[in-house]
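Everything numeric here is computed off the predicted structure, so don't read it as measured data. Chain identifiers are assigned alphabetically (A, B, ...) following the order of the sequence lines, protein sequences preceding nucleic acid strands; residue numbering begins at 1 within each chain.
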Amino acid sequence: MAMKDVPDNIFMTSLDAAASWARSNSLWPMPFATACCGIELMATASSRFDLARFGAEVMRFSPRQCDLMIVAGRVVMKMLPVLQRIWLQMPEPKWCISMGACACTGGVFDTYAVVQGVDRFIPVDLYVPGCPPRPEQLMAGIIALQDKIKHGGTLNGTEFGKRTQPTGPTPYDLDELIRIREANEKLISIN
Amino acid sequence: MPFEVSDLAELDAPDKEYLWTLNFGPQHPATHTTLRLILTLDGETVVNAVPHIGYLHSGFEKLGEHLDFNQYVTIVDRMNYISPLHNEISWHHAVEKLLGIELTPRCKYLRTILAELMRIQDHLLNTGTCALDLGGFTAFLYFFQQRELIYDIVETASGQRFHTSYTRVGGVAFDVNNAWVNKVRSFVKGFAAVHAEVHRLLTRNRIFIERVKGIGYLSAEDCINMGVTGPLARASGVLRDLRKDEPYLAYPDLDFKVVAAKDGDCYARYLVRMQEMVESIKIIEQCIENIPEGPVNVDAGSKAVIPAKPSVYRSIEGLIQHFEVMMPNRGFPTPKEEIYAATESPNGELGYYIVSDGTPRAYRARTRPPSYIHFAVFPQIIKNHQLSDVVAVLGSLNIIAAELDR
Amino acid sequence: MSAEDALKSKFDGGELAFSQFRDNHRIVVPAAKLFEVLAFLKNEQNFDMLAEVTAVDYLEYEGAKDRFGVVYVIVCTKSGERLVIKTFVNDPEPLLPSVYSLWKSADWLEREVYDMFGIRFSGHPDLRRILTPDEFTAYPLRKDYPLKGRGERHNFPVLTRAES
């Protein structure tokens, strides 16, 4: 079709780009707020910082209504199954922001109970570092995610299907492996 | 009564089949953070509630055994994260008691101001979100604006707006200047107007009163027997405030009142918290005009204190002392003793039980978390209330999950 | 007469050790006498609030004779007096009487001590794990449990983006 036949106010684009543009500007976050970062998430949504300016203020606490999970705060071993279940309940397309040092890597809590980064167990799209990150930084993260969606998104989410590897580091670091082996050996010797 | 196994058997009986079981949490907006309740309902009436906690148990106390007294302050920060600085003040209050350090007058006043700012910050968030859960969004926004001002003040003093890690053994990390004092002054000046506005929004608001008045009653005897402290106990008429009973910091010099009510319901707790903010402002006003001059850290003769930066850079003694305090294998000698020390945190009695084995690392660093004790009361006070009252009661108890589970 | 003097005259067998450090008044009580002493303090000396129950594992403590110390901090809300009561228990079956019948706040505090140290309290209405998951087997605050655990924190299935 020649360009001259196109009337005013009609734009030519690919369906993928149009869908991604629409999606990126109406993110509905699901705040999985467990600890300190949750308070900064509240601060981001409230009066001074006003997340609504970026189209991501519709916090919905039901995972069925959301497409952006913000994991704010440390996730411990008792909570991780809950996190995974909520992630599975969210409809496609969905994204995940890991907010704060504890959610990204475990942060200062290198202890027996804290999962050392949620990306080991659920896929993460974007990391916002800081302990806790300032609201400006969380907004920068959300804008970066919007950019990512705009530039890489497809209508039926084929880009997600390609990510068959876990996002995080290999599940165990070396000393963790050694400890597990020792514990297993001890168990075997007891039995 | 807390949950008992026999209760459950009784509720499971065949003639009680009409009872519903409802799972509440661990990821629910009204829990604010992470706690879980198993509610047994008769229609809409709560017959039994079984709390399940530990969804944020991250081993604080174990970590406390591996970090020294100055380092552990970064961890206690993250305990009650809506008033982080107060935890630091409490922790170092206990450590200084163990080491026998007497603070300088300037530091005492400075810490008192910060502690009261934190009390305001805590109550702001608590009353704000309590109203938010009950449908009043505006008060929350008003109060969060004030919280941002406190964040600014704290940031000016310490460089971090949230987890400040500001106190040190024997003092604070940096001294404050006049710009900070002016910031506090302007906050104090502006606060009364917002406070009055929220009073107008909530205190006589019909909807709010209907939701909180007469809900979640707790008697004074139960408060004492169940270990409840802080604004919760004072709302039930227990006149107990560690700032008056076991004075610490600059509180003996100051003129303030202990706020208390008689009703013991959610509305009384809301009123107590609102009035405590006014008293805190009064304390800050007195302190800020009377901050003594002089050094903020105790004299560097004692070995536990981090020396000032200029003395580290310009004198060999300062450098050596800095090295001794900072290096993990050096450290300072501590008495081989055990101590329990408590302060009045915004939530209640926040105590630390420290066992020291002579090294600068606590052998055991136990926290007595007020939220933990207060949440144990919940099953008792929610019984025979409506399901919608769960939210009101949870809001008024001010349960902070990180402090609850540690 | 202060509570300590009353205790001295009531239990004059010399089993109780009194000491003071800073403003903490401490009494070491043998485990067999613990409930009796606490009941006396509660009922006759009006210590109506149990502020704190905690335990300490003395496994690596220099010169310690017993494995666990259990600490009770009790307060008289009338006079503001505070007492720290301490007792010792040992492996293999650390067991103490529950003080739930005296103070209800002991309910969760004792459960936490059980969860973290494995000290059992006889007569407790509902002694279950409270902070760690039910299937957890170790007692994390014991000194022989490593800070980073034994791999429990990484024992979960991994979800990839393609399959979720």
Side-chain angles (χ1 to χ4, degrees), chain A residues 30-50 52 59-63 66 69 71-87 89-90 100-102 106-116 130-137, chain B residues 25-36 52-64 66-67 71-72 74-75 77-84 121 125 128-129 132 137-138 140-149 151-152 155 160-163 165 400-403 405-406:
Chain A
M30 148 90 210
F32 192 86
T34 54
C36 338
C37 290
I39 305 294
E40 283 298 64
L41 189 59
M42 274 160 82
T44 317
S46 63
S47 28
R48 184 188 280 189
F49 295 98
D50 195 8
M59 303 267 180
R60 283 289 174 272
F61 288 86
S62 155
C66 302
M69 179 184 243
V71 184
R74 55 188 174 276
V75 175
V76 305
M77 56 181 178
K78 206 168 174 179
M79 196 66 179
L80 190 79
V82 181
L83 173 68
Q84 287 188 327
R85 189 160 167 181
I86 289 180
W87 171 254
Q89 283 174 352
M90 283 169 61
C102 299
V108 289
F109 294 101
D110 193 0
T111 60
Y112 56 90
V114 181
V115 171
Q116 300 295 297
C131 191
R134 296 182 64 97
E136 295 94 326
Q137 205 166 349
Chain B
Q27 170 50 233
H28 184 280
T31 63
H32 294 290
T33 35
T34 52
L35 40 95
R36 182 175 169 213
H52 284 252
I53 65 169
Y55 288 91
L56 201 55
H57 173 66
S58 23
F60 279 73
E61 289 173 11
K62 190 85 178 169
L63 212 48
H66 291 80
L67 299 174
Q71 288 170 330
Y72 189 49
T74 57
I75 309 296
D77 251 352
R78 283 145 182 88
M79 217 173 276
N80 183 346
Y81 43 69
I82 61 176
S83 53
Q121 197 177 26
L125 187 104
T129 50
L132 174 69
F137 191 48
T138 327
F140 169 75
L141 290 177
Y142 276 46
F143 273 171
F144 241 87
Q145 189 64 28
Q146 293 300 303
R147 270 175 70 84
E148 291 291 341
L149 297 180
Y151 278 144
D152 281 351
E155 194 179 0
Q160 237 281 33
R161 75 185 227 120
F162 205 94
H163 293 317
S165 304
I400 308 299
E403 191 184 60
D405 298 340
R406 281 150 293 130

Examine whether an atom of [X] lies under 4.5 Å from a heavy atom of chain A, and if so say whether it belongs to the side chain, the backbone or both; otherwise answer neither.
X      : result
B/F60  : side chain
B/T74  : neither
B/I400 : neither
B/I82  : side chain
B/Y151 : side chain
B/E155 : side chain
B/I53  : backbone

Exercise. With a 4.5 Å limit on heavy-atom distance, are the side chains of A/M42 and B/F140 in contact?
Worked result: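 A/M42 reaches B/F140 side chain to side chain.
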
For this session: State plainly whether the residues A/R48 and B/D152 are in salt-bridge range, i.e. N to O under 4.0 Å.
Result: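 Salt bridge present between A/R48 and B/D152.
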
For this session: Begin with the C-alpha distance, continue with both residues' side-chain angles, and end with the deciding distance and a verdict on side chain to side chain contact (heavy atoms under 4.5 Å, CB included) for A/K78 and B/D405.
Result: CA-CA 11 Å; A/K78 206 168 174 179; B/D405 298 340; over 6 Å; no

For this session: Check whether any side-chain N or O of A/S47 sits under 3.5 Å from a backbone N or O of B/L141 as a donor-acceptor pair, and report yes or no.
Result: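 Yes; at least one donor-acceptor contact below 3.5 Å.
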
Exercise. What residue in B/R161, B/R78, B/Q145, B/R147 has the most heavy-atom pairs under 4.5 Å with chain A?
Worked result: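 Winner by heavy-atom pair count: B/R161.
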
